[in-house]
2 protein chains.
Amino acid sequence: MSEKRVRGSRVTIREVAKDAGVSVAAVSKVLRDAYGVSDALRANVRASMHKLDYRPLAAARGMRGQTYTIGIVLPDLRNPFFADIMDGVNTALERTQYRAMIGISHSSVETEMGIVESMIDRQMDGMLMIGSTEDRRNLDIIAKRKPLVAIGHHDPEATTFDTVNNHDQQGAMLVVKHLAANGYRKIAMFSLVSGTSTILIQRELGYRRGMMEAGLGKHINITSSSQILREVQLSARRLLTGPQRPDAIFCWTDLIALEVISVARELGLDIPNDLAVVGYDNTMFCDFAQNSLTSIDQSGEQLGLQAARLLIERIKGRAEAEHFVVTPRIVVRPSSTPSAARA
Amino acid sequence: MSEKRVRGSRVTIREVAKDAGVSVAAVSKVLRDAYGVSDALRANVRASMHKLDYRPLAAARGMRGQTYTIGIVLPDLRNPFFADIMDGVNTALERTQYRAMIGISHSSVETEMGIVESMIDRQMDGMLMIGSTEDRRNLDIIAKRKPLVAIGHHDPEATTFDTVNNHDQQGAMLVVKHLAANGYRKIAMFSLVSGTSTILIQRELGYRRGMMEAGLGKHINITSSSQILREVQLSARRLLTGPQRPDAIFCWTDLIALEVISVARELGLDIPNDLAVVGYDNTMFCDFAQNSLTSIDQSGEQLGLQAARLLIERIKGRAEAEHFVVTPRIVVRPSSTPSAARA
DNA sequence: GAAAAAATGTAGAACGATATACGTATAACA
DNA sequence: TGTTATACGTATATCGTTCTACATTTTTTC
């Protein structure tokens with residue numbers, strides 16, 4: 001209300017205490033929902049806090065206790081899937097004192113570590129790493145210092161941090177099964193060059209298993225490319241103009257699938273009759289008619305919600321690891337359903 | 001290096017001082033690049049800091065000085081344009097001590113204010129608000145408390161904060177001029193319901209001026225919708241099936257344009273022959289062949305870079321306002337260039 | 001009704017930096 | 001040479017909370 005508050009000045013816990021006629025410690029207790037305050041005192045203090053428009057200073061709280069801030073590490077801002085996750089996170093945080101602050105790693109291990117360090121420097125109470133490229137060892141090191149939850153990192157044996165995932169192997173198998181059922185045979189997979197990502201490993205494994213089970217083992221074909229758009233484009237073009245042109249491509253994420261659709265269109269290929277394309281994540285772009293992209297829904301919102309819940313539990317003291325797994329489902333759209341059944 | 005560091009323990013400035021054989025104050029000076037340290041002492045202290053892997057605790061610094069953290073407020077995570085801006089911001093911050101932390105407002109004034117408050121609570125040194133829905137008065141209030149720079153908020157008279165913008169009016173005029181030159185007449189604009197956004201006002205103004213100058217005043221037609229995808233879809237459908245179907249639609253942002261393309265395709269309309277579509281922001285999705293979307297490039301990276309630069313200047317003490325404006329340019333793609341010249 | 005237990009509140013030392021105020025060398029000037 | 005600047009360092013109060021230890025009051029138990 002007091003708009004004229006000058007930069008630098010702030011209502012402190014001391015002023016609240018004076019106004020309420022109690023000790024500073026009492027106000028602090030109310031603030032932290034700590035033990036040892038009567039209802040009367042609590043109401044009294046709350047009234048003063050409200051009257052003075054008091055807001056605790058996170059930096060000061062951080063010196064001894066918590067900052068009620070959790071750090072979220074995202075690989076990049078361009079993949080709309082992360083927005084789905086964040087929706088879930090924010091839903092989970094809504095009725096709590098906690099706030100999320102996001103940092104972007106650009107899928108680089110060094111920047112990621114840098115961000116994590118700076119989040120620790122800023123006394124974040126815990127961290128949520130999404131699609132991290134760190135290996136188990138590094139995550140363990142982080143987890144030893146701060147409560148940690150990882151989304152998109154398969155490690156059911158991890159004991160120091162929690163994980164939240166969809167069943168990537170199953171998701172990939174769903175894709176292959178669907179494509180095979182629609183008559184596609186030469187099903188290729190478009191993956192990412194990055195030996196360490198456990199979700200990639202799982203998806204590739206699922207693809208292989210799916211192909212084997214469908215009797216298409218000899219058609220197994222995994223192309224890998226970096227995330228850089230130009231390289232993706234090049235790899236896609238190479239794949240589609242090569243001698244063994246696949247009749248279906250399973251892309252490890254929607255964004256790549258959109259790029260593949262683009263290249264295919266430029267080459268004059270008809271989707272889905274000349275080529276089927278399937279993505280992963282079921283982001284909002286799949287629904288656009290110009291994409292009509294079949295994709296795997298891993299309900300990012302659920303992932304975010306559960307991860308935030310687990311992280312707060314951990315901050316509050318839980319020490320045993322929990323590993324949450326969502327069952328993926330396929331959302332079929334025209335990009336993989338040819339008009340006539342195929343030969 | 002010391003991986004065994006236990007949660008809660010940290011190397012402090014005191015230990016560095018002891019190791020280097022100097023006072024705590026000296027170390028602090030080195031840390032802040034403050035006046036009064038010899039090269040020898042600086043080198044000595046730096047060596048100790050490095051040896052002990054010392055990292056200053058932002059919370060503690062924040063109690064008296066700066067936290068070297070700037071808060072970025074984004075309306076939403078789904079618009080890839082913001083990723084372009086963030087690239088620029090991060091480039092500007094790269095060689096500095098500053099780090100960016102992002103908060104998401106979901107285009108709601110209350111959440112936005114909540115985020116700003118919580119950023120102030122967390123002692124951010126300054127704030128960068130992108131596409132804010134706040135009015136001048138509210139921004140002034142914030143600017144009185146913390147250094148502030150706004151991207152996407154036209155207010156050349158503002159004295160308490162800086163602004164960074166592209167020339168939205170000019171951008172919109174470019175669109176109309178281009179469409180008119182390609183033979184389109186019934187050019188509609190797809191805007192956002194939100195009286196307060198100054199960039200919307202400018203773009204609408206540019207659209208109107210462009211139409212008048214092209215002698216198309218009687219075809220002026222602005223449709224507004226919320227950002228919710230379903231509503232956008234409905235409005236687009238209504239616009240395209242109504243009695244006065246436009247032959248071109250200028251959408252206030254790429255994301256809307258993609259949705260319009262989707263609806264048009266579902267209705268069996270040919271783009272660009274039955275309908276031209278133009279977006280704004282020139283995000284990566286414009287380039288996909290299935291979209292081939294003509295758009296206005298306002299070089300988000302530049303905007304982000306300049307904004308971060310201005311913010312740091314402000315944090316360091318500049319008091320007079322600066323207002324940076326980028327000249328937009330149109331990037332023409334097939335979505336607005338019909339094969340044959342139109343009647 | 002005394003002793004024990006539980007509830008409620010307070011005082012004051014941390015937390016890890018910054019920054020002011022002040023000494024002491026060293027350099028510059030007359 | 002003495003005086004004055006200037007450069008370099010240090011001691012320590014301070015920022016706004018949390019939290020431990022303790023004092024006091026109230027409730028429970030036997």
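Every chain is numbered from 1, with letters handed out A, B, ... down the list of sequences.
Taking a cutoff of 4.0 Å between a charged side-chain nitrogen and a carboxylate oxygen, A/R137 and A/D140 do not qualify as a salt bridge. The pair A/R145-A/E117 counts as a salt bridge, with a side-chain nitrogen and a carboxylate oxygen less than 4.0 angstrom apart.
For the pair B/R42 CZ and D/dG9 C1', the interatomic distance rounds to 13 Å; values are reported in whole Å. Per the geometry, CZ belonging to A/R122 stands 17 Å off P belonging to C/dG16, to the nearest Å. To the nearest angstrom, C1' of C/dT24 lies 15 Å from CG of B/L41. Atom pair B/M63:CE and C/dC15:C1' shows a separation of 9 Å (rounding to whole Å applied). For the pair B/R61 CZ and C/dC15 P, the interatomic distance rounds to 19 Å; values are reported in whole Å. Between the CG atom of B/L31 and the P atom of C/dA19 there is a distance of 11 Å, given to the nearest Å. The interatomic distance linking A/D33 (CG) with D/dT18 (C1') rounds to 14 Å, in whole Å. Put simply, CD1 on A/I13 is 17 Å from C1' on D/dT14, counting in whole angstrom units.
Within the 4.0 angstrom heavy-atom criterion, only backbone atoms of the sugar-phosphate kind lie near A/V22; the bases stay farther away. Nucleic acid contact class of A/S28 (heavy atoms, under 4.0 Å, all strands): base.
Out of D/dG16, C/dG9, C/dA19, the shortest distance to the side chain of A/V37 is found at C/dG9. When each of D/dG16, C/dA17, D/dA11 is scored by its nearest atom to the side-chain atoms of B/P56, the top-ranked nucleotide is C/dA17. Closest to the B/R32 side chain, of the nucleotides C/dA19, C/dG9, D/dT10, is C/dA19. The side chain of B/K29 sits closest to D/dG9 out of D/dG9, D/dT12, C/dG16.
Using a 4.5 Å heavy-atom cutoff, the side chains of A/Y98 and A/I315 are in contact.
Regarding contacts with the backbone of D/dT17, a side-chain N or O of A/Y54 is found under 4.0 angstrom from either OP1 or OP2. Between B/S38 and D/dA7, a side-chain N or O to OP1/OP2 separation shorter than 4.0 Å is absent. Residue B/Y35 places none of its side-chain N or O atoms closer than 4.0 Å to OP1 or OP2 of D/dC8. Of the side-chain N and O atoms in A/S23, one or more sit less than 4.0 angstrom from OP1 or OP2 of C/dT10.
Interface remark: the A/R64 side chain does form a donor-acceptor pair with the C/dA14 base, using a distance-only criterion of under 3.5 Å.
Judged purely by distance below 3.5 Å, without hydrogens or angles, the side chains of B/T163 and B/H323 pair a donor atom with an acceptor atom. Of the N and O atoms on the side chains of A/T69 and B/R122, at least one donor lies less than 3.5 Å from an acceptor on the other residue.
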